[in-house]
Chemist: 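Following this message is one structure expressed as structure tokens.
Atoms within a ligand are numbered from 1 in the order they appear, just like the ligands themselves. Keep in mind that the numbers below use all heavy atoms, side chains included, and drop hydrogens, waters and symmetry copies.
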Amino acid sequence: MAWKVSVDQDTCIGDAICASLCPDIFEMNDEGKAQPKVEIIEDEELYNCAKEAMESCPVGAITVEEA
Ligand code: F3S
């Protein structure tokens, strides 16, 4: 299984929950928004973290989908 992670830059408000929950997956960019450090995840633990981040993001800016 592989999953693709993306952050909608227009929706993200820089809450940074994602980056603190999953520092291996998300990082904050110069504009104060999150961006994926990796686009494709193949590790189930990372996937679970990405999903948790997706559910925790207050504005629903994160998408995790099967790749
Ligand atoms: Fe942005 Fe949501 Fe992360 S607002 S910084 S994608 S928790």
Chemist: About how many Å separate CG of D24 and CG of L46, when rounded to the nearest 0.5 Å?
Modeler: 6.0 Å
Chemist: Any chance you could measure K51, atom NZ, to I41, atom CD1, to the nearest 0.5 Å?
Modeler: 12.0 Å
Chemist: Would you give the length of the straight line joining atom CD of E55 to atom CD1 of I17, rounded to the nearest 0.5 angstrom?
Modeler: 12.5 Å
Chemist: Under the disulfide bond (SG atoms under 2.5 Å apart) rule, what pairs show up with a residue in residues 2-48, not counting sequence neighbours?
Modeler: C22-C49
Chemist: Which heavy atom of the protein is the closest neighbour of atom 4 (S) of ligand 1, given with residue, atom name and distance?
Modeler: I13 N, 3.3 Å
Chemist: I'd like to check which ligand 1 atoms, numbered from 1 as shown, lie under 4.0 Å from a non-hydrogen atom of V59.
Modeler: 4 (S)
Chemist: List every atom of ligand 1 that sits less than 4.0 Å from any heavy atom of M28, numbering the atoms from 1 in the order shown and giving each element.
Modeler: 5 (S)
Chemist: Decide whether Y47 and V38 are clustered together by the hydrophobic rule: side chain heavy atoms of Ile, Leu, Val, Met, Phe, Trp, Tyr closer than 4.5 Å, transitively.
Modeler: yes
Chemist: Which protein atoms of type N, O or S are found under 2.8 Å from atom 3 (Fe) of ligand 1?
Modeler: C18 SG
Chemist: For A67, which residues count as a side chain to side chain contact (heavy atoms under 4.5 Å, CB included) partner, sequence neighbours excluded?
Modeler: A2, K4, I40
Chemist: Does E27 have any side chain to side chain contact (heavy atoms under 4.5 Å, CB included) partners at least two apart in sequence or in another chain, and if so, which?
Modeler: Q35, K37
